[in-house]
There are 2 protein chains.
Amino acid sequence: MAWDTEGTRRRLKEAATVEFAERGPDGTTMARIAERAGINKERLYKYFGDKQALFETVLADELQKLAASVPPPEDGFANIGEFAGRTYDYHAAHPHLVRLLLWEGLAGGPVADEANRTAHYRDKTRAYAAAQRAGILDDDVDPDHMAFMIIGLSAWWFSVPHLAGMLTGADDQTEHARRRASVVRAAQRLARPHLD
Amino acid sequence: MAWDTEGTRRRLKEAATVEFAERGPDGTTMARIAERAGINKERLYKYFGDKQALFETVLADELQKLAASVPPPEDGFANIGEFAGRTYDYHAAHPHLVRLLLWEGLAGGPVADEANRTAHYRDKTRAYAAAQRAGILDDDVDPDHMAFMIIGLSAWWFSVPHLAGMLTGADDQTEHARRRASVVRAAQRLARPHLD
DNA sequence: GAAAAATCCAACCGCAACGTTGGATTTGGT
DNA sequence: ACCAAATCCAACGTTGCGGTTGGATTTTTC
């Protein structure tokens, strides 16, 4: 088998993603990551530095994937509900991400990849503002807050799943669909113009 | 000084609340809790058992305080916006609680005080359902999901403060007021009946 | 075939944490 | 005065983790 340094790096990062999402930065051990990847623990340090750096790499990577998978719609949020729905779908398919995000916020350490993320959210806010000026979205709520709350509507379900469970019962197939529908409706009600 | 076992218990619990909220179950050490309380570490075990049990006690206690401080309004959610605003205010004044809740969800261990909490949420859902039947709230979204999302609108700001910061800038006094206003408006738009 | 790079392996250091224990000391009740 | 309960104190055993290191082994490259 040929040397495959990119593959090694990727396998380590994937294992780290799973472990970090599951147990958090504190609960995760470098030995477990290596074991899960089937690669010697010592490789981790050569490739990623220490644990904190590895965590930041993992999180930055996963955020990139989200941004690539759920781009802001070309219609300028004309169908904001479906946009929120697609965000919900992404989180449902990749529950790692929200968990990593929460671990990061709770730990209170450095914010991974902060410059890029800030720029990304600036663009997003601009897009919302443009949609408001165009009359596609209501301007009842400031664009940055609207962006933040739309994210929240989708992600909240995966942020406190035990609370969701106590309120709604176990989330089987039908409950999952029901939740998605609620997210879509809530986003519409929150952001679409209406007469009141 | 007289023996004050209740006071000892309370001081330990308060110290534990601060530490657990700040660093989470993993990051918190029993020694630090005792040190913060100014009480010998060994007392913790006599009073609360092990670390996990202490954490559950702390969380159950803080949830009781929230329920006592922000009761469902007597007007049956006629002013749902202000109700969400008061919830936001409580979280702003007691940022411990959301953090404890998130640590619990992420850790994935046993749910503290599950029976009482489930009952509490059942009642809450019933109250929302009644308000919907009375025409005070829109029935566009199922009552359990509405309750869950209203909680989310208030708590999301404190769940991912670093994300909020990247979107809105630092949260000084004015930003704080702005956020509260957005929560109030969002809750109204989400739940109040309107013609569309 | 030799040198260089990637990987594995195993052991190590230092440290910090959980939970316990055995006793000394203080306080309260009777 | 005496006994029981609450507290303090200091040390312990054990476990586990982060990060490093020195070398053996395999693969690539030239």
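Checked against side-chain hydrogen bond (donor to acceptor under 3.5 Å, both in side chains), B/E82 has the following partners two or more places apart in sequence or in another chain: B/R180.
Of the candidate nucleotides C/dC8, D/dA6, D/dG19, D/dG19 has the atom nearest to the side chain of A/D50. In this structure, of C/dA6, D/dC8, C/dC18, it is C/dA6 that holds the atom nearest to the side chain of A/T5.
Between the C1' atom of C/dC9 and the CZ atom of A/R43 lies a distance of 12 Å, rounded to the nearest Å. Rounded to an integer number of Å, the gap from A/L54 CG to D/dC17 P is 16 Å. Separating the OH atom of B/Y47 from the C1' atom of D/dA6 is a distance of 7 Å, rounded to the nearest angstrom. What separates NZ of B/K46 from C1' of D/dC8 is a distance of 12 Å, to the nearest Å. The distance between atom NZ of B/K51 and atom C1' of C/dA17, rounded to the nearest whole Å, is 8 Å.
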| Test side chain to side chain donor-acceptor pair (under 3.5 Å) applied to B/H194 and A/R189, step by step | CA-CA 10 Å; B/H194 67 290; A/R189 297 183 60 109; 3.2 Å; yes
| task | Please assess A/W157 against B/H145 for the test ring pair (Phe, Tyr, Trp, His ring centres under 6.0 Å), listing each intermediate value before the final yes or no. | result | CA-CA 10 Å; A/W157 294 98; B/H145 287 191; 4.9 Å; yes
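Aromatic ring centres of B/F55 and B/W103: separated by at least 6.0 Å. The ring of B/F158 has its center no closer than 6.0 angstrom to the ring center of B/H94.
A sub-4.0 Å separation between OP1 or OP2 of D/dC17 and a side-chain N or O of A/Y45 is absent.
Here the closest non-hydrogen pair linking B/M166 and A/T118 is CG-OG1, 3.7 Å.
Residues A/R99 and A/S159 have side chains that never bring a donor and an acceptor to within less than 3.5 angstrom of each other.
Proximity of residues 6-30 of chain A to DNA chain D (heavy atom under 4.0 angstrom from any strand atom) is restricted to A/T28, A/T29, A/M30. Residues from residues 32-42 of chain A placing a heavy atom under 4.0 Å of any atom in DNA chain D, listed by number, are A/K41, A/E42.
Formation of a donor-acceptor pair under 3.5 Å by the A/R86 side chain with backbone atoms of A/V70 is not found in this model.
The existence of a salt bridge linking A/K65 and A/E62 is confirmed by a sub-4.0 Å separation between a basic side-chain nitrogen and an acidic carboxylate oxygen.
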